[in-house]
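Predicted model, so just to flag it, every value in this text is computed and none were measured. As a basis for the values below, the full set of heavy atoms in this structure was taken, side chains included, without hydrogen atoms, waters or symmetry mates.
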Amino acid sequence: MKGWYSLLLVVLVCLAWAFMLGVDRESNNELVEESYEGIPVKELKTKELPVVDKKEEAQQPTKKSFIVYLDPGHQARANTIHERVSPYSNETKMKVTGGTTGVVTRKPEYVLNLEAAFLLEELLTEKGFEVYLTRSAHDVDISNKERAEMANEKKADLVIRLHADGAENPNVSGFGVLVPSKKQAISKQSESAATLIVSEVKKQSGMKVNGIRYRSDLTGFNWSTMPVVLLEMGYMTNPTEDQKLSDPVYLEGMLQAVTTGVEKYAALQ
């Protein structure tokens, strides 16, 4: 009997020891689980990024830049050789004339035109337009026909020719815009741009505006296949206006209005 009691006692001790070991293990597991309980499972997963279809991305159309081609009129030396005024006529005119001169400032028109072109280029570029110039120096030899062809080749959305006017009567003054005759295919779009430009320039304080005139005899118009306007910024033969055109504040105000007109025209295209 003593042997059985001893054996039973050993079994009971073993069972008690096994029970205590199991409780220990459960306690340890609980501690481990609690130590990770504060971290949400979702946060441990990596975020799935959308898959970009390269073909679809490549097919998306890119926005075309609006191209403005500036033509600062005249040059340091006139070219008296003649060229055809139009592809539809045998009439000829000088390739490039000398332009007028400021009655007070004595500034040549070709100098004023390039000054205005550089300023207008800056203003238009700031607005996001793609801008080109037919010339960036005075000592060049580019005919009016060639200037039109430069803009045609670039497929300009709008060509702006920059000039100043002159008259025998020193009292004549004012800003004006010339456009191709209504018989030309580009006349309607050119007139649309001119109307918006004139409307904005009229808002400028102390600036006389003469409006729009149609011309069929200008080589630069007749060889152009793109919408084109010619800005007559003012009369250099008028003492007051001559000096105003050399005033940076006055000139910038005018060209800022022109820029706004171009912006409105571009928005319609």
Side-chain angles (χ1 to χ4, degrees), residues 52 54 56-73 110-138 140 142 146-164 175-180 184-205 207 209 211-212 220-221 223-234 245 247-269:
V52 179
K54 294 295 180 183
E56 186 180 337
E57 189 180 48
Q59 289 172 358
Q60 299 233 343
T62 54
K63 188 177 178 183
K64 178 186 177 294
S65 297
F66 191 95
I67 298 174
V68 181
Y69 220 114
L70 304 180
D71 176 26
Y110 67 82
V111 172
L112 172 65
N113 294 340
L114 189 57
E115 288 175 352
F118 283 148
L119 180 52
L120 185 55
E121 177 190 25
E122 184 180 336
L123 294 170
L124 289 169
T125 302
E126 286 175 358
K127 296 296 182 179
F129 292 101
E130 189 174 339
V131 186
Y132 297 89
L133 277 73
T134 57
R135 70 179 179 93
S136 56
H138 302 310
V140 297
I142 312 170
E146 290 168 338
R147 294 171 191 234
E149 289 172 339
M150 289 167 72
N152 292 344
E153 186 178 345
K154 204 70 183 177
K155 299 190 183 303
D157 295 286
L158 181 64
V159 183
I160 301 178
R161 304 178 66 199
L162 294 152
H163 284 257
F175 173 94
V177 183
L178 308 183
V179 296
Q184 289 183 247
I186 56 173
S187 180
K188 190 173 181 181
Q189 282 181 288
S190 302
E191 182 183 5
S192 174
T195 300
L196 291 166
I197 289 171
V198 166
S199 176
E200 292 302 318
V201 175
K202 279 182 177 178
K203 297 175 185 178
Q204 291 295 303
S205 176
M207 196 170 291
V209 179
I212 300 170
F221 281 176
W223 287 94
S224 181
T225 58
M226 315 311 294
V228 55
V229 297
L230 188 154
L231 308 185
E232 293 284 13
M233 297 180 287
L245 289 170
D247 178 355
V249 175
Y250 179 88
L251 190 61
E252 184 171 354
M254 176 199 297
L255 296 176
Q256 184 63 68
V258 170
T259 300
T260 303
V262 174
E263 280 188 286
K264 291 187 175 181
Y265 172 74
L268 298 174
Q269 305 313 302

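Residues F221 and V179 share a closest heavy-atom pair of CE1-C, 3.3 Å. Contact record, A164 with N113: N-OD1, 3.6 Å, taken as the closest heavy-atom pair. Closest approach of V201 and M207 over heavy atoms only: CG1-SD, 3.5 Å. Of all non-hydrogen atoms in Q269 and Q189, the two that sit nearest each other are OE1-NE2, 3.5 Å. Taking every heavy atom of both residues into account, K154 and I67 meet most closely at O-CD1, 3.7 Å. Residues F129 and A266 approach most closely at CE2-CB, 3.7 Å, considering heavy atoms.
Residue T134 holds its OG1 atom at 7.0 Å from OH of Y69, rounded to the nearest 0.5 Å. Atom CG in L120 sits 9.5 Å away from atom CD in Q256 (nearest 0.5 Å). Here the OG1-CE distance, from T259 to M254, works out to 12.0 Å after rounding to the nearest 0.5 Å. Summarising the geometry, atom CD belonging to E115 is positioned 11.0 Å from atom CG belonging to L255; distances are rounded to the nearest 0.5 Å. K127 contributes atom NZ, which lies 4.5 Å from atom CD of E263 (distance to the nearest 0.5 angstrom).
For T225 (side chain) and N152 (main-chain N/O), no donor-acceptor pair under 3.5 Å exists by modelled atom type. With S190 contributing its side chain and I186 its backbone, the two residues share a donor-acceptor pair below 3.5 Å. No donor-acceptor pair under 3.5 Å is formed between the side chain of S199 and the backbone N or O of T195.
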Could you check T260 against L196 for side chain to side chain contact (heavy atoms under 4.5 Å, CB included), going step by step and ending with a plain yes or no? CA-CA 8 Å; T260 303; L196 291 166; over 6 Å; no

Between D71 and I160, is a side chain to side chain contact (heavy atoms under 4.5 Å, CB included) present by the stated rule, with each step listed? CA-CA 6 Å; D71 176 26; I160 301 178; over 6 Å; no

Side chain to side chain donor-acceptor pair (under 3.5 Å) between E130 and Y132, worked out: CA-CA 7 Å; E130 189 174 339; Y132 297 89; 2.4 Å; yes

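With contacts defined as side-chain heavy-atom distances shorter than 4.5 Å, the pair R161/R147 does not qualify. Taking 4.5 Å as the limit, some side-chain heavy atom of E122 sits within range of a side-chain heavy atom of E126. Residues L158 and V262 meet the side-chain proximity criterion, which asks for heavy atoms closer than 4.5 Å. Residues D157 and M226 have side chains not in contact (no heavy-atom distance under 4.5 Å, counting atoms from C-beta outward). Within the 4.5 Å cutoff, no side-chain heavy atoms of P72 are placed close to those of F118. Within the 4.5 Å cutoff, side-chain heavy atoms of L133 are placed close to those of E121. V159 is not listed as a side-chain neighbour of P227, based on a closest heavy-atom distance of 4.5 Å or more. Two residues are said to be in side-chain contact when any heavy atoms from C-beta on lie closer than 4.5 Å; I197 and V229 meet this criterion.
Just one residue in the list V177, V258, L112 forms a side-chain contact (heavy atoms from CB on, under 4.5 Å) with M233, and that residue is L112.
Classification of E200 and K203 as a salt-bridged pair holds, one side-chain N sitting under 4.0 Å from a carboxylate O.
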